[in-house]
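Here's the structure, in structure tokens; my notes come after.
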Amino acid sequence: MGPWNNALFLLAIFMGILNFSLAQNSPQDFVDAHNQARAQVGVGPMTWDSNVAGFAENYANQRRGDCQLVHSQNSPYEKMCGHYTQVVWRNSVRLGCARVQCNNDAWFVTCNYDPPGNYVGEKPY
């Protein structure tokens, strides 16, 4: 990618994250956003799973103090498009997300997927 393509790509991600963090308040909001992205590439829908959401909530609460965007332990991802590819990972069918307000008033949003995916060298769909 050229420098302009990289800049546009990063801007698109930033706008998506901003929109995502402001708009997601209910489990159905999270499911709808994920399923919209998945439908665009022909991948089946996800469903909400309260157990998976519990993992996301526990991790979000750990980040409440610093609000740093750090992957949870044992979280595989690809460097360039890791978050997007996990959203559209064909085998991931259960979703759980959490949103917490950090001590610095920023919002931390995280999602977990079951089964997890996003393995280096494998295609998402």
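As a basis for the values below, the full set of heavy atoms in this structure was taken, side chains included, without hydrogen atoms, waters or symmetry mates. This chain uses plain numbering: 1 for the first residue, then up along the sequence.
Across every non-hydrogen atom of Ala106 and Cys67, the tightest pair is CB-SG, 3.9 Å. Shown here for Cys111 and Leu95, the closest heavy-atom pair between the two residues is CB-CD1, 4.0 Å. Residue Ala60 comes nearest to Ala98 through the heavy atom pair CB-CB, 4.0 Å, listed as atom of the first residue, atom of the second, then distance.
Considering only heavy atoms from C-beta on, Tyr84 comes within 4.5 Å of Val41 through its side chain. Contact annotation: the side chain of Arg38 never approaches that of Tyr125 to less than 4.5 Å [non-hydrogen atoms, C-beta and beyond].
Put simply, CG on Asn118 and NE2 on His83 are 8.5 Å apart, with the number rounded to the nearest 0.5 Å. To the nearest 0.5 angstrom, Asp29 atom CG is 9.5 Å from Trp48 atom CH2. Note that the CG atom of Asn61 and the CZ atom of Arg64 stand 4.5 Å from one another [nearest 0.5 Å]. Between the OG atom in Ser26 and the CZ atom in Arg99 there is a gap of 10.5 Å [rounded to 0.5 Å]. In this structure, Asn112 CG and Glu57 CD are separated by 11.5 Å, a value rounded to the nearest 0.5 Å.
No path of Ile, Leu, Val, Met, Phe, Trp and Tyr side chains, each step under 4.5 Å between heavy atoms, connects Phe108 with Val52, placing them in separate hydrophobic clusters. Hydrophobic clustering (side-chain heavy atoms under 4.5 Å, transitive across Ile, Leu, Val, Met, Phe, Trp, Tyr) keeps Val109 apart from Phe55.
Applying the 6.0 Å contact sphere to CD of Gln36 captures no more than 12 heavy atoms from other residues, nucleotides or ligands.
The aromatic rings of His34 and Tyr113 sit tilted relative to each other, their planes meeting at an angle between 30° and 60°.
Put simply, the side chain of Thr47 never gets that close to the backbone of Arg94: no donor and acceptor are under 3.5 Å apart.
Residues passing the salt bridge (Lys or Arg N to Asp or Glu O under 4.0 Å) test with Asp66 are Arg63, sequence neighbours excluded.
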_What verdict does the side-chain contact (heavy atoms from CB on, under 4.5 Å) test give for Met46 and Val93, after you've listed the backbone C-alpha separation in whole Å, the side-chain angles of each residue and the deciding distance to 0.1 Å?_
CA-CA 5 Å; Met46 300 185 98; Val93 294; 5.6 Å; no
